[in-house]
Amino acid sequence: MGRGVIVEETVQSTIEELCSRKKRQFGLLIGQNTQQRSFIATAIATAAQENETGGESDDAWVVEHARQVVRMLPGGFEIVGVFLVASPEMTEPHQGPLRNLLYKIYTVCQTCYQLTKEEPSVMETEERILLQISSTTRKYTCKVLDISDRKASPRPAELKFQSFLSRWHTVSCQVAFDWTSRLPTVEKSVVSTRQLQLYARQHLKVLSSAMCLCDGEVRSKSDLLEMSYKGHGASKKTEHRVDFLLENTDDTNEPSIVRGESQMYLQFKGNVRGLAYIHNKATIGETLSFIRSDIIRSVLARCDVLSDDLISQSVEGETTSSSQRNLGESGHHSVPRRVLFPVCQGQISFCDYMFQDESTQDVCDRLRELLGLEVAEEQLQFCEEFHGVETPSASESSSQPTIESAVAPTRKISGSQAMFTHHFWVVVASFAVVCVAIAIYLYSA
């Protein structure tokens, strides 16, 4: 018997709608992997490329779509596979390209929003799904592939439709960040995604060593998250909260007194809301890994979105907007806030990132373009609030994360060095005064 693949029942209607279009359709399978089985929560079709001609350009289009979809996923959800809806005569020639496409998506998504490239995935297996559906016969052909082995061959999997999301756990948290990073002098005024994410990763490492409380308690990682309550007809808790007890690292990251050439420093301040969905047999260790990965992905995704926006504004030459968001100039720059929206008939939520000068309609249009979803503006849930860009406050419980950039010279003098220098000259001045007083006394005598 092959690996079990459980598909949420609502996915079947999505596939049926794609089959009715009578044309080839690639897409992404979103879900969660465990050691024994894979869960598919939803299927997202990739929008057709303008002037689509086939070949390598199709792969690049699908991979870029996957990169943008990944940053919309809450903790616990990843791209667990790809699917192809096509007529039987078109399905067979695409088996090889579909496999190569899966490798490309895996490579991009594993390196974009993880803490380090060496960090293993929070998923318990590296097997991914290849799903092919005949648009005429509605026949499903499901196989799994070990993505970590390039020589591995696809193996048959057992596919079953079943409702499971209503029984999953919802885990939330809120983490307050206040850190500063120095950037080396750069020729371009716009900071790249790689630079922003590089410095963000250095500070996000504190999450890996932080002590965590689950529902206010310290629990063993091997414990099951689900706890039964005694009594006849007692229910089981499906909503949980995790708290990260972070060490104060401000002293090591505080900007120093410096002189010389100008360079920039970035300060990230604000509270980040975390959200994860976890299967009903999850352990505490899995829970902490999923919610931690969500916080990391959320911060890195904001760096990605902010950098993309800065670059596009620079290219368009909009001087007013560029001057406001250009990280090469002093000032505060609000990173986009997290906005939740319902999927899978409201059983779970995905997220998008919205700038302060964007409207809710902009978000709805983006969801229609990337996910093919029709979401009403009133269905958007704002879990983070915008505050004044000029005077952001990290102390407010709902403070919106901001990035502050400033110009600072190159040569460092630490705070302790500056204090020592100050005391040294005070002592020298006092000694000089005493010497002058003694000389006057001897002369007068």
Heavy-atom distance under 4.5 Å between the side chains of [X] and [Y], does that happen here?
{"X": "Ile278", "Y": "Thr170", "answer": "no"}
{"X": "Phe83", "Y": "Ile129", "answer": "no"}
{"X": "Val305", "Y": "Arg71", "answer": "yes"}
{"X": "Ile295", "Y": "Cys173", "answer": "yes"}
{"X": "Leu275", "Y": "Cys351", "answer": "no"}
{"X": "Leu225", "Y": "Val171", "answer": "yes"}
{"X": "Gln32", "Y": "Phe290", "answer": "yes"}
{"X": "Leu306", "Y": "Phe355", "answer": "yes"}

Closest heavy-atom pair and its distance - [X], [Y]:
{"X": "Glu239", "Y": "Asp215", "answer": "O-OD1, 4.4 Å"}
{"X": "Cys364", "Y": "Leu380", "answer": "SG-CD1, 4.2 Å"}
{"X": "Val5", "Y": "Cys142", "answer": "CG2-SG, 4.0 Å"}
{"X": "Ala43", "Y": "Ile15", "answer": "CB-CD1, 4.5 Å"}
{"X": "Leu73", "Y": "Ile79", "answer": "CD1-N, 4.3 Å"}
{"X": "Cys19", "Y": "Val85", "answer": "SG-CG1, 3.8 Å"}

I'd like to know if the side chain of [X] and the backbone of [Y] have a donor-acceptor N/O pair within less than 3.5 Å.
{"X": "Arg24", "Y": "Ala86", "answer": "no"}
{"X": "Asp146", "Y": "Ala152", "answer": "no"}
{"X": "Tyr353", "Y": "Val335", "answer": "no"}
{"X": "Gln174", "Y": "Arg273", "answer": "no"}
{"X": "Gln381", "Y": "Leu340", "answer": "no"}
{"X": "Glu286", "Y": "Thr283", "answer": "yes"}
{"X": "Glu8", "Y": "Phe164", "answer": "yes"}
{"X": "Arg297", "Y": "Pro74", "answer": "yes"}
{"X": "Asp362", "Y": "Ser359", "answer": "yes"}

message: Set out, in order, the CA-CA distance, both residues' side-chain angles and the distance that settles salt bridge (Lys or Arg N to Asp or Glu O under 4.0 Å) for Arg128 and Glu78, then state yes or no.
response: CA-CA 10 Å; Arg128 297 295 184 269; Glu78 302 283 350; over 6 Å; no
message: Restricting to salt bridge (charged side-chain N to carboxylate O under 4.0 Å, His left out), what partner residues turn up for Glu374, sequence neighbours left out?
response: Arg368
query: Who passes salt bridge (charged side-chain N to carboxylate O under 4.0 Å, His left out) against Arg167, sequence neighbours left out?
result: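 Salt bridge (charged side-chain N to carboxylate O under 4.0 Å, His left out) check on Arg167 returns nothing, list empty.
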Any donor-acceptor pair under 3.5 Å linking the side-chain atoms of [Y] with those of [X]?
{"X": "Ser38", "Y": "Arg3", "answer": "yes"}
{"X": "Thr46", "Y": "His65", "answer": "yes"}
{"X": "Tyr106", "Y": "Glu126", "answer": "yes"}
{"X": "Ser134", "Y": "Arg138", "answer": "no"}
{"X": "Glu377", "Y": "Thr360", "answer": "yes"}

How are the rings of [X] and [Y] set to each other: parallel, tilted or perpendicular (split at 30° and 60°)?
{"X": "Phe350", "Y": "Phe341", "result": "perpendicular"}
{"X": "Phe177", "Y": "Phe268", "result": "perpendicular"}
{"X": "Phe77", "Y": "Tyr277", "result": "tilted"}

Residues forming a side-chain hydrogen bond (donor to acceptor under 3.5 Å, both in side chains) with Gln12, sequence neighbours excluded: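 side-chain hydrogen bond (donor to acceptor under 3.5 Å, both in side chains) check on Gln12 returns nothing, list empty.
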message: Is the distance between the ring centroids of Trp168 and Phe39 under 6.0 Å?
response: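 Distance test on ring centres: under 6.0 Å, yes.
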query: Among Ile40, Ile44, Thr42, whose side chain to side chain contact (heavy atoms under 4.5 Å, CB included) with Leu29 holds?
result: Ile40
query: Are Arg338 and Asp294 close enough, and set up right, to give a salt bridge (Lys or Arg N to Asp or Glu O under 4.0 Å), and what steps lead you there?
result: CA-CA 12 Å; Arg338 198 171 200 181; Asp294 178 67; 2.7 Å; yes
message: Determine whether Asp243 and Arg241 satisfy the following criterion, salt bridge (Lys or Arg N to Asp or Glu O under 4.0 Å), listing intermediate values before the conclusion.
response: CA-CA 7 Å; Asp243 294 297; Arg241 179 174 179 84; 3.3 Å; yes
query: Any chance NZ of Lys22 has more than 12 other-residue heavy atoms, nucleotides or ligands included, within less than 6.0 Å?
result: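 Check passes, neighbour count above 12.
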- prompt: Do other residues, nucleotides or ligands put more than 12 heavy atoms under 6.0 Å from the CD atom of Glu369?
  reply: no
- prompt: Does a side-chain N-to-carboxylate-O contact under 4.0 Å join Glu64 and Arg67?
  reply: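 Yes.
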Cationic N near anionic O, under 4.0 Å, Glu358 to Arg366: yes
- prompt: Cation-pi between Arg292 and Phe244: NZ/CZ under 6.0 Å from ring centre and within 45° of the ring axis?
  reply: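 The answer is no; the distance or angle limit is not met.
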